[in-house]
Amino acid sequence: MALDNGPTMDQILGWCKRRGAIFPSSDIYNGIAGFFDYGPLGIEIKKNLKDAWWNSMVHQRGDIVGIDCSIIMHPAVWKASGHVDGFSDPMVDCKVSKMRYRADQLYFAKITVAGELLGYVSVLEDENMQSEAEQQADKLKRKQAKQGTLDPVVLKPYTEAMPGEYALIPSPATGQPGSLTAPRAFNLMFQTHVGAVVDDSSVAYLRPETAQGMFVNFKNVLNTNRLKLPFGIAQMGRSFRNEITPRNFTFRSREFEQMEMEFFIQDNADWQHWHQYWVQTRFDWLKSIGLDEKRLALDVHRPEKLAHYSRACTDITFHYPFGVQELEGIAARGNFDLTQHQNASGKNLEYFDEAEHRSYLPHVIEPAIGVDRLFLAVLCSAYHEESVENETRIVMKFHPQIAPVKAAVFPLVKNRPELVEHAKQLHQKLTRHWFVQYDESGAIGRRYRRMDEIGTPYCITVDFDSLEQGTYTLRDRDTMEQRRVSESELMTFLLEQYS
Ligand code: GAP
């Protein structure tokens, strides 16, 4: 089936703004790049996503336990993990505009006509960069009044430029060559100081991933729980990266939440099997919470693309409005982290295998996903615009488990106290179990549209028959069909949907 275009980024941003799902952080001060706040509706969706992950990874399994570690850890953790020396992106500065770019996201091309050099063009990585570079090349050719056909415009990342080319490639900010520096490594960890003395000895870092908390607590968890390999330790929480170019809304931000799980296996286990198992399990879970299957795909990393700790990695990608991007990574980390921490701390982190009468460092498979990226993928999957009775209906088709509001109760009209009273009582009963809203303002049709736009799966209307017969109109968000149900049928139905 062909992939439809889906919502645009403008539609998603418009929805978030209108419905108060996500705000720029410190909005009244014009925001701060790479930081966001979740509003009343957004936090409900985010909480539902985190609960769904925790349920599937911890509560519904007997072999995974959870932990919650501090954000600031001993700096030796980050030295041992390789982050102090290696967690960097190549950065390039424009000395004139003071703009900074990621050198692997800045592309350039040498422009020639029949092999004769006209100059260079530069573009920032995005879906349209090839056509933008071709337009720039055409402009360059016209400026130089060159006859003949342009040779193909071949884009290369700035990291692949030759030292002599840095001065020739125009800055994307000014369009002029001569101001871009050579790329240099920029460490992404945010630094802070612990205690009253601010010097090299008090440097600490905000964690750039939650994963290391699981490794340094491996023995604590093992010694206090009756666990046998294979088993996992899961954590969700904030991570911080001083991204050079935060972009695409919450997709690449500087403060974000991760949900990560380290699955420890025997050192001689079939790690490819476990890697595949987790790729499939995570893919299935993403589908089960309502992500559009047509937008999901797998990207198996080539060996040269692997992170320093990884022996294999498969990304689950999502087709966002700005292109196909990593949503979740499933990495086979070998025993890299436990080895590093055992060596650096001098503490024995081995597992004693009773069945095999030997001790060893287990190997690890790690599924790691960002909550904010998942949130964005959920919005892109849920957003629909439909034509209904000559109007555009905006409807968020959230999976019921993820929907921020589970149901809404309306009295048919608000000027009949007996209807209002009955509806409020029903609302009270339902809120004991779920987040249910009460709404009495405006025509019923308008109230349905408001609930459709925030993705409320069911609306319940209290009318005069409700008073006499104890039945309600139950309306389905997706089909817009209505049916009469008794109170006990209603409760059974909602329990089935939300259990
Ligand atoms: N422990 C492994 C690890 O942290 P990663 O691929 O760097 O691996 C895991 O991060 C997930 O965290 C990513 O797949 C993505 O969903 C999310 N993530 C990473 N950087 C992010 C950022 N700057 N903003 C939002 N989410 C991010």
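Atoms within a ligand are numbered from 1 in the order they appear, just like the ligands themselves.
- The atoms of ligand 1 that sit less than 4.0 Å from any heavy atom of Leu327 are 14 (O), 15 (C), 16 (O).
- The number of heavy atoms from other shown groups lying within 6.0 Å of NZ (Lys219) is above 12.
- By the 4.0 Å N-to-carboxylate-O rule, Asp452 lies too far from Arg477 to be salt-bridged with it.
- Here the shortest heavy-atom distance to atom 26 (N) of ligand 1, taken over Glu366, Met214, Arg373, belongs to Arg373.
- Partners of Asp93 under the salt bridge (Lys or Arg N to Asp or Glu O under 4.0 Å) rule, at least two apart in sequence or in another chain, are Arg100, Arg184.
- Neither the backbone nor the side chain of Thr210 has a heavy atom within less than 4.0 Å of ligand 1.
- Counting the atoms of ligand 1 from 1 in the order shown, those under 4.0 Å from a heavy atom of Ala211 are 1 (N).
- In terms of polar-atom proximity, defined here as any N/O pair under 3.5 Å, Glu260 does make such a contact with ligand 1.
- Between Phe251 and ligand 1, an N or O atom pair is found at a separation short of 3.5 Å.
- Arg333 counts as a contact of ligand 1, since one of its heavy atoms falls under 4.0 Å from the ligand.
- Atoms of ligand 1 lying under 4.0 Å from at least one heavy atom of Ala368, given by number and element, are 9 (C), 11 (C), 14 (O).
- Ser81 and Gln340 share no donor-acceptor pair across their side chains, judged by distance under 3.5 Å alone.
- Close approach of ligand 1 to Gly370 is summarised as follows: ligand atoms under 4.0 Å from at least one heavy atom of the residue are 11 (C), 12 (O), 15 (C), 16 (O), 17 (C).
- Residues Phe36 and Ser25 form no side-chain contact, since every pair of their non-hydrogen atoms from C-beta on lies 4.5 Å or further apart.
- Around atom 24 (N) of ligand 1, the closest heavy atom drawn from Ser239, Pro367, Gly329, Ser253 belongs to Ser253.
- The option from Phe256, Phe240, Phe36 that lies nearest to atom 27 (C) of ligand 1, judged by heavy atoms, is Phe256.
- Of all protein heavy atoms, the one closest to atom 14 (O) of ligand 1 is Glu326 OE2, 2.5 Å.
- Residue-level proximity to ligand 1 for Arg241 is carried by the side chain, the only part with a heavy atom below 4.0 angstrom.
- Contacts of Arg254 with ligand 1, taken as heavy-atom pairs under 4.0 Å, are absent altogether.
- The closest side-chain heavy-atom distance from Ile316 to Leu296 is below 4.5 Å.
- Here Met259 has no heavy atoms under 4.0 Å from ligand 1, in either its backbone or its side chain.
- Polar contact with ligand 1: absent for Pro208 (N/O pair, distance under 3.5 Å).
- In this structure, Lys406 fails the cation-pi test against Phe435, since its NZ or CZ atom is not both closer than 6.0 Å to the six-membered ring centre and inside 45 degrees of the ring normal.
- When only non-hydrogen protein atoms are considered, atom 12 (O) of ligand 1 lies nearest to Gln258 NE2, 3.2 Å.
- The shortest side-chain heavy-atom distance between Ile12 and Cys380 falls under the 4.5 Å cut-off.
- Given atom 8 (O) of ligand 1, the protein heavy atom at minimum distance is Tyr309 OH, 4.0 Å.
- In this view, Asn30 satisfies the side-chain contact (heavy atoms from CB on, under 4.5 Å) rule with no residue, not counting sequence neighbours.
- Residue His301 qualifies as enclosed at atom NE2: its count of foreign heavy atoms under 6.0 Å is above 12.
- No hydrogens or angles considered: a donor-acceptor pair under 3.5 Å links the side chains of Glu165 and Tyr120.
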